[in-house]
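Here is how names work: the chains are called A, B, and so on, in the same order as the sequence lines, proteins then strands, and each is numbered from 1.
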Number of protein chains: 2
Amino acid sequence: MAEKHELHEKGLRLTPQRELVLSAVRALGHATPEEVAEKVRQTHPGINLSTVYRNLETLENVGLVQHTHLGHGGATYHAAEELTHLHLVCGTCGSVGDAPIDVAANFVQNLSDDYGFKTDVTHFAIYGTCAACVK
Amino acid sequence: MAEKHELHEKGLRLTPQRELVLSAVRALGHATPEEVAEKVRQTHPGINLSTVYRNLETLENVGLVQHTHLGHGGATYHAAEELTHLHLVCGTCGSVGDAPIDVAANFVQNLSDDYGFKTDVTHFAIYGTCAACVK
DNA sequence: AAGCGAGTTGCGAACAATTCGCAGTAGTTA
DNA sequence: TAACTACTGCGAATTGTTCGCAACTCGCTT
């Protein structure tokens, strides 16, 4: 038969809920557990919130998704593929903008050189005010 | 008479709890509401958690303290005076290190130039791995 | 010095977000 | 197909934070 499903390759069982959670994260870009659950319910209404939480955690363990804390209290998840940009969180309007990681390159370098601190650029939330709100 | 108390200058009443919360934040550097409460209880055991939360909020409104989200869920507060450094949060050991804002200067400049995004350097949490945990 | 009114405090309940324990269900492997 | 065990659903338990309300007290005014 063909190649294994990506979840199988990670040693996980392939359940409809699990697939749905993963594809929801991918479709949403970044979303809170609550939002993921809502998305999943569009096609699988019965899914339980606990299941969403557990699957997000599981998927994070195998590296398919990641989470960040974008301000308030809740964690925000996004797919691992999409880890090529920083998150610019606007404290005024709450929007989340993106910027390529390049802009942080020498900043990261500084921290590494001067402090031995290895910045996890993928797990990065930057607070400030977006261009729209500055006006 | 002499100059007004700093809290009076902000239009706030001077209560023992309020002063204690403020000095606890100053003494602790950065701390969660829970930690602040614990600190305050050392000298004023009866203080209520709600009061700590309310005072932190009030003090933040007048600019004497600030909060950041340093990872997990809880907010972390620190005194406004102390806003001269970045927080380097180690995802492995949970420690919070400091670095002068200078290291971020050109990074901030980049974001401003390229995206019109005004980074709030004082409200800044950087995730990564500290020198000690890298080893 | 005494009194008043508004800002504050304590306390307990209300909430929201997240985690846990358990029993039943359903992928997987042999 | 049978059996093993991960996974799901559900409800209860936790944790962190906010709210409503009555009592209190800070700071101003007489």
**Message:** I want to check one thing: is the phosphate of C/dT29, taken as OP1 and OP2, less than 4.0 Å away from some side-chain N or O of A/H8?
**Reply:** no
**Request:** Report yes if at least one side-chain N or O of A/N55 is closer than 4.0 Å to OP1 or OP2 of D/dT8; otherwise report no.
**Result:** yes
**Request:** Answer yes if the side chains of B/H78 and B/Q66 hold a donor-acceptor pair under 3.5 Å, and no otherwise.
**Result:** no
**Message:** Can you tell me if A/T51 touches the phosphate of D/dG9, counting only side-chain N or O atoms and a distance under 4.0 Å to OP1 or OP2?
**Reply:** yes
**Asked** Going by atom types alone, do A/N61 and A/E57 pair a side-chain donor with an acceptor below 3.5 Å?
**Response** no
**Gap between atoms CD and P, on A/E34 and C/dT18 respectively (whole Å)** = 8 Å
**Request:** Specify whether B/H30 and B/H87 have parallel, tilted or perpendicular ring planes, treating 30° as the upper limit for parallel and 60° as the lower limit for perpendicular.
**Result:** perpendicular
**Message:** Does C/dA26 have its OP1 or OP2 closer than 4.0 Å to a side-chain nitrogen or oxygen of A/Q17?
**Reply:** no
**Asked** Could you give the CG-to-P distance, from A/L56 to D/dT8, as a whole number of Å?
**Response** 11 Å
**Item:** Atom-to-atom span, CD of A/E35 to C1' of C/dA17 - whole angstrom
**Value:** 14 Å
**Message:** Can you measure B/L14 atom CG to C/dA6 atom P for me and round it to whole angstrom units?
**Reply:** 21 Å
**Message:** According to side chain to side chain donor-acceptor pair (under 3.5 Å), who are the partners of B/S23, at least two apart in sequence or on a separate chain?
**Reply:** none
**Prompt:** D/dG11 base to A/S50 side chain: any donor-acceptor pair below 3.5 Å?
**Reply:** yes
**Message:** For a quick check of understanding: with a heavy-atom distance under 4.0 Å over all strands, which category does B/R18 fall into, base, sugar-phosphate or nothing?
**Reply:** sugar-phosphate
**Rounded distance (Å) that lies between atom P of D/dC26 and atom CG of B/L7** = 13 Å
**Asked** Base, sugar-phosphate alone, or nothing: which one does B/T15 contact when heavy atoms must sit under 4.0 Å apart?
**Response** sugar-phosphate
**Request:** Take the protein atom CG of A/L20 and the nucleotide atom P of D/dG9, then report the distance between them rounded to whole Å.
**Result:** 10 Å
**Asked** Of A/L49 and A/R54, whose closest DNA chain C nucleotide lies nearer the 5' terminus?
**Response** A/L49
**Message:** Is there a side-chain contact between A/H67 and the phosphate of C/dT18, meaning an N or O under 4.0 Å from OP1 or OP2?
**Reply:** no
**Message:** Is it the case that the base of D/dG27 and the side chain of B/R13 share a donor-acceptor contact (distance under 3.5 Å, atom types as modelled)?
**Reply:** no
**Fill in**
A/Y53 OH to D/dC10 P, in whole Å, measures 17 Å
**Prompt:** Separation of A/L12 atom CG from C/dG27 atom P, in whole Å?
**Reply:** 15 Å
**Prompt:** Is a side-chain N or O of B/E35 found less than 3.5 angstrom from the main chain of B/T32, in a donor-acceptor match?
**Reply:** yes
**Asked** Considering heavy-atom distances to DNA chain D, does A/I47 or B/P16 have its closest nucleotide positioned more toward the 5' end?
**Response** A/I47
